Amino acid sequence: MDEQTRLMHSHSGVGMAGHPGLPQHMQEGTGGSDGDGRKQDIGDILQQIMTITDQSLDEAQARKHALNCHRMKPALFNVLCEIKEKTVLSIRGAQEEEPPDPQLMRLDNMLLAEGVAGPEKGGGSAAAAAAAAASGGGSGPENSTEHSDYRTKLTQIRQIYHTELEKYEQACNEFTTHVMNLLREQSRTRPISPKEIERMVNIIHRKFSSIQMQLKQSTCEAVMILRSRFLDARRKRRNFNKQATEILNEYFYSHLSNPYPSEEAKEELGKKCAITVAQVSNWFGNKRIRYKKNIGGYPSPCYQSDRRIQ
DNA sequence: GTATATGATTGAAG
DNA sequence: CTTCAATCATATAC
């Protein structure tokens with residue numbers, strides 16, 4: 001209650017002349033014979049405040065208590081209020097509301113898409129579906145063990161992510177509470193406005209969310225590595241059968257002047273070879289580049305290998 | 001074991 | 001988007 005009024009001082013009370021809380025000798029502003037004594041007194045108090053951080057904790061605590069009970073304390077407090085009122089404009093420049101960090105949003109979206117963030121079960125199956133989709137169209141049930149392995153590892157990442165996130169959240173709350181208590185405690189000796197507390201809390205939250213961003217960043221990396229380890233089609237590459245290779249080669253060599261099959265031709269070839277259009281495109285891409293690399297030395301027309309000659 | 005062949009991926013360029 | 005070029009990761013030959 002009393003604290004509340006103290007907190008308000010900074011933006012409600014200017015010019016405290018005649019304040020009922022002030023000691024009598026402060027209210028009559030004439031410098032009497034004890035003027036030097038008073039100056040000395042205030043100087044002592046300020047000196048004590050300045051050196052309080054150099055003292056041990058117990059010592060400081062005792063000193064603070066002594067200061068709080070000092071007869072000059074209310075006067076000093078009011079002076080601080082006034083000084084603050086004059087300087088309060090200077091701290092208003094700080095950015096009040098920054099826009100949401102685009103990188104953070106990107107990370108959040110990705111974690112959500114991978115099923116690391118978001119709801120427990122739904123997230124998992126969504127990730128599995130994404131994995132199935134990424135593994136390259138209808139590849140059949142043959143890789144289900146690999147997928148369950150993938151899911152297990154993803155769940156591990158997910159659990160680590162959530163425990164860490166929770167830990168940071170808790171630490172952030174604890175720290176915020178601590179700082180607020182500290183500020184409240186300090187407001188007994190110096191004026192602290194609610195705005196300042198709010199600013200401090202914002203600073204703390206920003207710091208902690210930057211730590212969380214690092215966590216999200218590394219989680220994303222872990223997921224990407226996992227994906228590339230389990231879902232990269234290169235890992236389970238199979239050669240096309242001889243017949244398919246023959247068909248493709250036949251087309252290639254009979255269109256050697258322009259070995260670029262149209263979309264329809266690719267579909268046709270894909271159908272004949274029982275592979276996808278994308279695979280046909282890959283094959284022709286590889287074939288063209290590897291043929292070109294060899295044609296320079298003209299190795300041996302009998303072998304259709306594209307072996308690089310060096 | 002190594003060396004080569006080959007399908008897939010990636011990133012730049014058009 | 002497609003293609004090229006380099007590269008990866010596996011398959012196959014040796």
Side-chain angles (χ1 to χ4, degrees), chain A residues 102-103 105-116 126-154 156-157 216-310:
Chain A
Q103 204 195 345
M105 279 177 60
R106 203 169 49 81
L107 289 175
D108 276 336
N109 285 338
M110 195 191 134
L111 288 173
L112 215 60
E114 295 294 338
V116 177
S135 75
S139 41
E142 149 267 329
N143 49 12
S144 62
T145 51
E146 251 188 60
H147 271 178
S148 78
D149 208 4
Y150 172 80
R151 258 200 302 279
T152 312
K153 293 250 160 64
L154 191 70
Q156 281 174 16
I157 292 176
K216 285 173 181 179
Q217 179 92 52
S218 47
T219 306
C220 276
E221 275 170 29
V223 172
M224 291 318 276
I225 290 169
L226 188 70
R227 278 191 78 113
S228 68
R229 278 192 67 75
F230 279 87
L231 305 174
D232 190 338
R234 284 180 290 207
R235 290 199 142 256
K236 36 189 186 292
R237 184 181 70 76
R238 297 284 176 279
N239 289 354
F240 300 153
N241 60 45
K242 228 175 164 131
Q243 203 178 334
T245 312
E246 224 166 274
I247 294 167
L248 292 167
N249 269 318
E250 192 192 318
Y251 187 99
F252 181 80
Y253 286 106
S254 61
H255 298 76
L256 209 50
S257 56
N258 186 36
Y260 296 86
S262 65
E263 199 59 33
E264 296 86 55
K266 281 182 191 170
E267 279 172 36
E268 182 80 23
L269 285 165
K271 205 171 254 179
K272 275 200 228 172
C273 302
I275 58 178
T276 67
V277 174
Q279 285 177 303
V280 176
S281 297
N282 279 340
W283 191 92
F284 274 88
N286 284 322
K287 188 71 184 176
R288 279 191 298 264
I289 192 76
R290 284 163 182 168
Y291 178 82
K292 201 175 78 178
K293 274 189 176 172
N294 273 349
I295 208 67
Y298 225 98
S300 51
C302 315
Y303 300 132
Q304 293 168 348
S305 100
D306 317 299
R307 179 158 45 91
R308 169 197 256 141
I309 40 152
Q310 197 57 286

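A note on names: the letters A, B, ... follow the listed sequences, proteins ahead of strands, and every chain is numbered from 1. The shown structure was predicted, so the numbers you read here are calculated from the model rather than taken from an experiment.
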Can you give me the N/O atom pairs linking the protein to nucleotides 11-13 of chain C at distances under 3.5 Å, or say none if there are none?
unit_1	atom_1	unit_2	atom_2	d
C/dA11	OP1	A/Arg238	NH1	2.7
C/dA11	O4'	A/Arg237	NH2	3.1

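- Separating the NZ atom of A/Lys292 from the C1' atom of C/dA6 is a distance of 12 Å, rounded to the nearest angstrom.
- One can place CD of A/Gln279 at 18 Å from C1' of C/dT2, the figure rounded to the nearest angstrom.
- More than 12 heavy-atom neighbours from other residues, nucleotides or ligands sit within 6.0 angstrom of CD on A/Glu267.
- Minimum heavy-atom separation, A/Lys216 to A/Leu111: CG-CD1, 3.6 Å.
- Using a 4.0 Å heavy-atom cutoff across all strands shown, A/Phe240 reaches sugar-phosphate atoms only and no base atom.
- An OP1 or OP2 oxygen of C/dA5 is reached within less than 4.0 angstrom by no side-chain nitrogen or oxygen of A/Lys287.
- Ring orientation note: the planes of A/Trp283 and A/Phe252 are nearly perpendicular, at an angle over 60° on the 30°/60° scale.
- A straight line from CD1 of A/Ile289 to C1' of B/dT6 spans 15 Å, rounded to a whole angstrom.
- Between A/Phe240 and A/Cys273 there is no side-chain heavy-atom pair separated by less than 4.5 Å.
- Side-chain atoms of A/Arg290 and base atoms of C/dT7 include a donor and an acceptor less than 3.5 Å apart.
- For the pair A/Trp283 CH2 and C/dT3 C1', the interatomic distance rounds to 16 Å; values are reported in whole Å.
- Considering only side-chain atoms of A/Asn282, the nucleotide from C/dA5, B/dG7, B/dT9 that sits closest is B/dT9.
- Regarding A/Tyr291, its OH atom lies at a distance of 14 Å from the P atom of C/dC4, rounded to whole Å.
- For the pair A/Asn294 CG and B/dA5 P, the interatomic distance rounds to 8 Å; values are reported in whole Å.
- For the pair A/Asn241 CG and B/dG7 C1', the computed distance is 13 Å after rounding to whole Å.
- Straight-line distance from the OH atom of A/Tyr260 to the C1' atom of C/dT3: 7 Å, rounded to whole Å.
- The residue from A/Asn249, A/Leu248, A/Asn282 that alone fulfils the side-chain contact (heavy atoms from CB on, under 4.5 Å) condition with A/Lys287 is A/Asn249.
- Shown here for A/Gln217 and A/Leu107, the closest heavy-atom pair between the two residues is N-CD1, 4.0 Å.
- The side chain of A/Lys293 contributes an N or O atom lying less than 4.0 Å from OP1 or OP2 of C/dA6.
- Looking at the side chain of A/Arg288, the nearest of the listed nucleotides B/dG7, C/dA5, C/dT3 is C/dT3.
- Screening A/Glu268, A/Lys271, A/Lys266 against A/Val277 for a side-chain contact (heavy atoms from CB on, under 4.5 Å) leaves a single residue, A/Lys266.
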